[in-house]
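Both backbone and side-chain heavy atoms feed into the values below; hydrogens, waters and symmetry mates do not. Throughout, a chain's letter reflects where its sequence line sits, starting with A, and its residues are numbered from 1.
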Amino acid sequence: MENGMNKVYAPKRIEKKWQEIWDNEKAFAASNDYSKPKYYALVEFPYPSGQGLHVGHPRPYTALDIVSRKRRMQGYNVLYPMGWDAFGLPTENYAIKNKIHPKIVTKNNVARFKEQLHSLGFSFDWDREINTTDPNYYKWTQWIFLKLFKAGLAYKKEMPINWCTSCKVGLANEEVVNGVCERCGSEVVRKVKSEWMLKITDYADKLLEGLDTVDYIERVKVSQKNWIGRSEGAEVDFKLKDKEDKLRVYTTRPDTLFGATYMVVSPEHPYIDQYKDEITNWDEIVAYREQAAKKSDFERTELAKEKTGVLLGGITAINPVNGKEIPIWISDYVLMTYGTGAIMAVPAHDDRDWEFAKKFNLPLIQVVEGKNGPVEINEAAFTDVATGKMIHSDFLNGLEVTEAKEKMKDFLEEKGIGTRKVNYKLRDWVFSRQRYWGEPIPIVECEKCGFVPIDESELPLELPEVESYMPTDNGESPLAAMTDWVNVKCPCCGGPAKRETDTMPQWAGSSWYFLRYTDPTNEEALASKEALNYWLPVDWYNGGMEHTTLHLLYSRFWHRFLYDENVVPTKEPYQKRTSHGMILGENGEKMSKSRGNVVNPDDIVNEFGADTLRTYEMFIGAFDLSASWSEQGVKGCRRFLERVWKLKELVTDETDYSKEMETKMHQTIKKVTNDFESLKFNTAIAAMMALINDFYKNNSLTKGEFKTLITLLNPVAPHITEELWENMGFEGRLYQTQWPVYDEAKTVENTIEIAVQINGKTKATILVAKEEEKDSAIAKAKEAIQDKLTGNVVKEIYVPGRIVNIVMK
RNA sequence: GCAGGUGUGGCGGAAUGGCAGACGCAGCAGACUCAAAAUCUGCCGGUGGCAACAUCGUGUGGGUUCAAGUCCCACCACCUGCACCA
């Protein structure tokens with residue numbers, strides 16, 4: 001029991017001791033006993049960078065560690081796994097620079113990360129560790145790709161890539177900073193390359209509908225919806241004057257068709273070349289197209305969005321509803337990649353069209369007015385759909401906008417000049433990378449048979465050893481230089497063929513990793529049916545806001561596809577999704593080397609201990625908001641743990657709760673239990689701080705009270721509490737103990753202090769019984785404020801347990 | 001511009017429509033100490049008052065209510081995404 005060494009709280013010794021014990025006892029291994037209730041808690045697995053663990057990593061890890069530890073004590077079979085999202089650019093760039101195999105770089109980084117995570121005492125099930133760069137893992141990433149290919153969801157397409165003119169390398173968007181190469185600062189241009197694409201757009205509606213069935217925090221749902229960007233409208237055909245061809249446009253406002261005064265096509269629209277001979281100002285058009293093509297994404301978004309354009313001379317269109325002849329313009333505010341690449345412009349009721357019309361002096365025709373009469377359209381476009389009423393629109397006149405939309409759609413379909421149409425902002429997923437450090441795409445290109453998938457039995461298709469990890473001069477992956485790897489026989493006809501040399505993006509391995517954790521060593525399948533049936537869906541997934549669009553959408557897409565292929569049992573992978581806020585430097589700025597405000601978690605563990613770091617990161621503030629680091633705050637948490645440690649000297653032999661502390665104990669259990677499940681770790685810790693302040697005030701506490709306290713605190717500070725448990729001679733291990741339960745009836749004090757107010761202002765407080773009747777409560781209240789009852793009492797309000805309010809005139 | 005979020009002491013932050021500022025940090029005073037650190041005790045939103053107490057106070061302006069940080073309307077500021085998607 002008590003010995004000299006344990007007089008002083010020494011986290012270094014205690015933490016190492018318990019980490020070893022937990023490892024040896026496999027304390028946190030998820031069981032394969034599928035009869036127990038399960039709980040699957042998941043945090044985004046890290047990219048093992050060369051910098052090691054950042055002080056931001058432990059925030060979400062500790063949060064779900066708390067939930068996992070608590071759930072285990074409540075009798076759940078908990079799966080809380082960890083792994084490595086280890087393919088990626090920084091590793092590859094490091095490998096290029098230092099001429100080390102990325103495999104070795106990854107191995108070293110993983111070892112460092114693992115040691116750091118281990119030192120923080122997370123209850124991960126290390127037996128289920130996975131690594132996306134392990135061929136036994138990416139075998140199944142490739143397997144899923146083959147399934148997508150066979151289902152017609154993977155295809156090749158010419159796409160522009162970012163090309164650094166100096167490095168002669170294709171760059172990821174993240175490597176292009178302000179239009180120049182991040183590494184060398186040279187100009188980055190567009191270069192067209194044939195790329196693998198995944199047809200995520202086929203799943204737009206399914207991904208949208210699925211959101212209604214899951215419990216994601218609101219802003220995550222909203223950004224998923226915005227990213228998919230569904231809009232309902234119509235496609236309408238405008239006849240070209242004196243031609244057979246029709247110019248098809250997409251619009252969400254078919255109701256405003258009578259207000260169309262011109263049309264705009266994107267600079268890449270095929271009609272421009274098709275009618276080259278009839279266009280009267282061809283030179284002008286060519287010049288404009290060149291200028292538009294040169295604009296980088298940076299210029300299109302960051303710079304002033306002054307409208308530009310040229311008139312398409314010699315060609316006009318006919319408005320199908322009123323037969324009016326209108327001009328056609330070319331402008332880069334119309335995108336070829338959305339809708340039909342052409343629009344009808346209604347400047348009176350669309351901000352962009354209005355701006356364009358003002359600049360080029362084009363006419364405005366108002367077709368919608370306000371509910372209560374005319375509105376001015378010469379100052380700004382009138383775009384209010386909710387209150388608009390149709391005018392100057394023939395058969396639509398007098399209708400509200402929403403009615404007019406439907407009536408016009410019916411009309412268009414009846415007359416055969418248009419159809420209802422749904423569009424999405426979501427684009428297909430560019431799946432190729434011209435890089436070495438990624439999963440090889442398991443496809444062979446045969447001159448005769450085209451793209452042929454390799455046979456499943458040949459998976460994993462492993463990365464070959466190469467001399468250099470540099471992409472080639474013409475922008476191809478380093479794999480392209482490996483001719484004996486590239487040249488193969490066609491699996492289909494046996495003729496000469498070439499392997500695909502592009503690799504998959506980092507998003508691939510992370511799109512299904514949560515499935516592998518359920519059965520990480522399975523060689524027959526990505527996971528067994530039994531394991532998937534039992535563990536899915538993930539009950540709680542937490543990750544950063546930066547992943548709420550792409551990673552979340554991509555993994556939901558793959559999961560839904562695997563559901564359709566009958567591989568997984570649930571439509572949605574994650575039942576609940578939360579996001580944590582960033583941890584900023586002491587100065588309130590983002591932590592970065594250049595700002596010199598980076599905090600290394602190792603230093604905190606060394607100086608204060610892992611339990612202090614964990615407690616501090618949970619106490620720092622609301623979990624979903626960003627928070628600034630404070631060394632003083634860390635010290636405060638260490639002080640709290642010291643006070644918990646020293647409490648053992650005040651513990652009596654009594655095993656029950658004491659009379660005076662009983663209510664407080666039940667209240668604290670209730671608060672901590674609920675707060676842990678609703679991300680309110682800061683208030684849970686505050687409640688425990690308040691509890692020990694009471695113990696110190698009383699200068700004593702019972703064994704039962706201490707037991708409950710350290711059990712409640714265990715998920716937050718697992719080492720110190722386990723040590724105290726052992727010191728006190730309590731039975732077994734703390735991590736194997738039952739989570740404390742509270743009695744609702746005992747969470748309310750028998751005598752309560754309530755406020756007495758006059759006209760809502762507190763004047764005094766009185767003591768009343770838990771079930772005090774209204775009459776006697778009011779009588780007591782009046783007695784307490786006797787001298788202030790000077791007016792006519794018009795109303796007496798009693799809220800049991802809260803207040804008495806006397807309303808006087 | 002659109003969407004989402006946030007505005008409360010010196011600071012981080014608490015408050016199912018019911019005593020605003022729990023808990024922590026910093027600060028001040030005291031105890032212990034030769035001294036410092038650590039620890040312990042007390043105080044700690046503003047103004048007035050020796051005090052009891054009074055009065056103001058949750059970004060701004062209105063409103064609903066016996067009662068508003070909390071609900072409604074209109075604004076302001078900051079943060080985070082998306083950004084010419086017809």
Counting just side-chain N and O atoms, does [X] come under 4.0 Å of either OP1 or OP2 of [N]?
X        : N     : result
A:Arg802 : B:U16 : no
A:Tyr333 : B:A86 : no
A:Thr683 : B:G13 : no

Searching all strands shown, indicate the nucleotide that pairs with [N] (Watson-Crick or G-U wobble; both distances under 3.5 Å).
N     : value
B:G17 : none
B:C25 : B:G10
B:C53 : B:G48
B:C75 : B:G59
B:U64 : none

Under 4.0 Å between a side-chain nitrogen and a carboxylate oxygen: does that hold for [X] and [Y]?
X        : Y        : value
A:Arg253 : A:Asp350 : no
A:Lys780 : A:Glu753 : no
A:Glu642 : A:Arg638 : yes

Enter syn or anti for the glycosidic conformation of B:G9, syn applying to angles within 90° of 0.
syn
By the 4.0 Å heavy-atom rule, please label [X] as base, sugar-phosphate, or nothing.
X        : value
A:Gly636 : sugar-phosphate
A:Lys761 : sugar-phosphate
A:Asn805 : base

Does A:Lys307 make a side-chain donor-acceptor contact with the base of B:C84, cut-off 3.5 Å?
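Donor-acceptor pair under 3.5 Å: yes.
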What about A:Glu796: does its side chain form a donor-acceptor pair under 3.5 Å with the base of B:C66?
no
Which listed nucleotide ([options]) is nearest to the side chain of [X]?
X        : options             : answer
A:Arg639 : B:A26, B:A86, B:A3  : B:A26
A:Gln632 : B:G24, B:A26, B:A86 : B:A26
A:Leu625 : B:C19, B:C84, B:U6  : B:U6
A:Ile343 : B:A86, B:A26, B:G18 : B:A86
A:Asn682 : B:A14, B:A86, B:C23 : B:A14
A:Glu753 : B:A15, B:A86, B:C19 : B:C19
A:Thr765 : B:A86, B:G24, B:C19 : B:C19
A:Thr762 : B:C19, B:A14, B:C66 : B:C19
A:Gln757 : B:G18, B:A15, B:A86 : B:G18

Can you tell me how far P in B:A52 sits from the matching atom in B:C40, rounded to whole Å?
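Each nucleotide's P atom is 28 Å from the other's.
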May I ask you to check whether A:Trp629 and A:Tyr616 place their ring centers less than 6.0 Å from one another?
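Ring centroids of A:Trp629 and A:Tyr616 are less than 6.0 Å from each other.
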Please give, in whole Å, the distance from B:G13 P to A:Phe640 CZ?
19 Å
Between atom CE in A:Met688 and atom P in B:G24, what is the gap in whole Å?
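Between P of B:G24 and CE of A:Met688: 13 Å.
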Taking the six-membered ring of A:Tyr798 as reference, does the NZ or CZ atom of A:Lys774 fall below 6.0 Å from its centre and within a 45° cone about the axis?
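Relative to the ring axis of A:Tyr798, which defines the angle, A:Lys774 lies outside at least one limit.
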